[in-house]
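As structure tokens, the structure follows; a few thoughts come after it.
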Amino acid sequence: MIITIDGPAAAGKGTLAGKLANKYNLAYFDTGMVYRAVGLEMILGGYEPSDAAIAEDFAKNLTFPRMIELSQNPIFRSLEGSKAASAVAAIIPVREALLQMQQNFSKRPVFADGTSAKGAIYDGRDTGTVVCPQADIKFFVTALPEVRAERRYKEYLQKGIASDYQEVLEQTIARDKNDFARPSSHPAKDAIIFDTSYLSIEEVFAKACKIIENYQKTLEK
Ligand code: DC
């Protein structure tokens, strides 16, 4: 079973994906990591993240182990890392170069320890439209920018990262503008949309579980 969860930053995709992966014993692919990895290669190499030719080169040479290695760097999930990821993700040849790696995972999904899984959950922006258009179930998780900025801001405070709510809001809006300029980031026609502005993660999780279990019942018939 392949499930995709797309939507903007800080909408709750990762939390939902983690809970579903755990409950249904599915491997999890956070596809933002491939763009964060290329973005970080650009930072570490001293390049402008918008330098298309260099970014494409890094994308073509990215491997799963290198991505995992880069994810240990504190810049990977930082604001600087997010900005670089968003910039490289806007370069079409970079997206094309990273597509195969993401699609291969659905053919042979594996858990973090390398053992094989019966299915996968993808989280990203275009996993239901481009990476896995054949997915069994597609979710699109969204929330108002103000709600998402508030969540990110609290997350930074908890991690002891100095930040300012207004600045986080502006960055959230700027990243949305960049990420959603691509039609592929919009919900797939067959996606089920959850707005987490007014729903708790537990409510969204319960709704998603119901949909998955109904789907599983149709397979048993
Ligand atoms: O989900 P995230 O914040 O880790 O993603 C980092 C960046 O990567 C984000 O700005 C958009 C981009 N991205 C994308 O374009 N397509 C995906 N499938 C996943 C992420």
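Counting convention: from 1, in listed order, for ligands and their atoms alike.
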When you measure from atom 1 (O) of ligand 1 to every protein heavy atom, which one gives the shortest distance, and what is it?
-> Arg125 NH1, 3.0 Å
Ion pair present between Glu155 and Arg148, side-chain N to carboxylate O less than 4.0 angstrom?
-> no
Would you mind checking if Arg95 and Asp126 are paired as a salt bridge, meaning a charged N to carboxylate O distance below 4.0 Å?
-> yes
Quickly, which of Ser78, Ser82, Ser86 forms a side chain to side chain donor-acceptor pair (under 3.5 Å) with Arg36? Name it, please.
-> Ser82
Got an N/O contact under 3.5 Å between Tyr35 and ligand 1?
-> no
Answer yes or no: does an N/O atom from Asp179 fall short of 3.5 Å to an N/O atom of ligand 1?
-> yes
NZ/NE/NH1/NH2 to OD/OE distance under 4.0 Å, Asp195 and Lys207 = no
Heteroatom distance test (Asp123, ligand 1): nitrogen or oxygen, under 3.5 angstrom | no
Among Arg175, Met33, Arg95, Gln102, whose heavy atom sits nearest atom 15 (O) of ligand 1?
-> Arg95
Parallel, tilted or perpendicular: rings of Phe140 and Phe180 (30°, 60°) | perpendicular
Closest approach of any protein heavy atom to atom 18 (N) of ligand 1, naming residue and atom = Asp126 OD1, 2.8 Å
Asp123 vs Phe29, side chain to side chain contact (heavy atoms under 4.5 Å, CB included): CA-CA, chis, key distance, verdict = CA-CA 6 Å; Asp123 128 20; Phe29 193 168; over 6 Å; no
Would one find an N or O of Asp30, backbone or side chain, under 3.5 Å from an N or O of ligand 1?
-> no
